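Here the structure comes first, spelled out in structure tokens, and everything after it is commentary.
Treat the numbers as computed from the prediction; the structure is a model and nothing was measured.
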Amino acid sequence: MNTEQFQRLLEQEGFPEPVEVEQAPNSQLSNHEHLFEVRALVIQGSIDITIHGKNRTYQAGDVFELGFKEVHSESYGPEGVKYLASRKQ
């Protein structure tokens with residue numbers, strides 16, 4: 001998916017304008033949750049997200065979703081990761 005397609009998806013689903021997020025190479029965040037839903041488009045690098053013991057890798061062009069208060073962990077590849085994230089409460 002490209003950024004224009006992602007913007008249209010956000011509008012259709014009632015999500016606000018996304019912000020750019022960047023995480024350092026080979027770093028991670030242990031289990032945590034957010035008080036909002038997330039829709040995000042990876043634009044560079046990669047991110048591994050683990051939910052309920054199941055891990056999935058997202059790379060440039062992939063969209064990932066996190067539900068309200070969904071417990072998850074994140075780790076970032078050797079290039080780190082940059083993504084556009086929209087948060088809806």
NE2 of H72 to CZ of R56, rounded to nearest 0.5 Å, is 14.5 Å
Do Q7 and E17 make a side-chain contact, defined as non-hydrogen atoms from C-beta onward lying under 4.5 Å apart? yes
Of all heavy-atom pairs linking F6 and V63, the shortest is CD1-CG2, 4.0 Å
**Asked** How are the rings of F36 and H34 set relative to one another: parallel (under 30°), tilted (30 to 60°) or perpendicular (over 60°)?
**Response** parallel
To the nearest 0.5 Å, atom CZ of R87 lies from atom CG of L66 at 10.5 Å
Apart from V71 itself, members of its ILVMFWY cluster (side-chain separation under 4.5 Å) are none
Is there a path of hydrophobic side-chain contacts, each under 4.5 Å between heavy atoms of I, L, V, M, F, W or Y residues, that connects L84 with V42? no
Taking the ring of F64 and the ring of Y83, is the distance between their centroids below 6.0 Å? yes
Item to check | E79 atom CD, neighbour heavy-atom count above 12 within 6.0 Å | outcome: no
Distance col, row E20:CD vs L41:CG, nearest 0.5 angstrom, shows 10.5 Å
May I ask you to test the K69-L35 pair for a side-chain heavy-atom distance under 4.5 Å?
yes
Output for pair (K54 NZ, I49 CD1), nearest 0.5 Å, gives 15.5 Å
Between S30 and S73 the two heavy atoms that sit nearest each other are C-CB, 3.9 Å
Residue set satisfying side-chain contact (heavy atoms from CB on, under 4.5 Å) with N26, at least two apart, ordered chain then number -> P78
In this structure, OG of S46 is separated from OH of Y76 (nearest 0.5 Å) by 11.0 Å
Checklist entry - Linking I/L/V/M/F/W/Y whenever any side-chain heavy atoms sit under 4.5 Å apart, do M1 and L10 land together? => result yes
Checklist entry - Same cluster or not: are V38 and L9 linked, directly or through other Ile, Leu, Val, Met, Phe, Trp or Tyr residues, by side-chain heavy atoms under 4.5 angstrom apart? => result no
### Query
Does I51 share a hydrophobic cluster with L29, counting links as ILVMFWY side-chain heavy atoms below 4.5 Å and allowing steps through other members?
yes
When rounded to the nearest 0.5 Å, the distance separating CD of E65 from CD of E13 is 6.0 Å
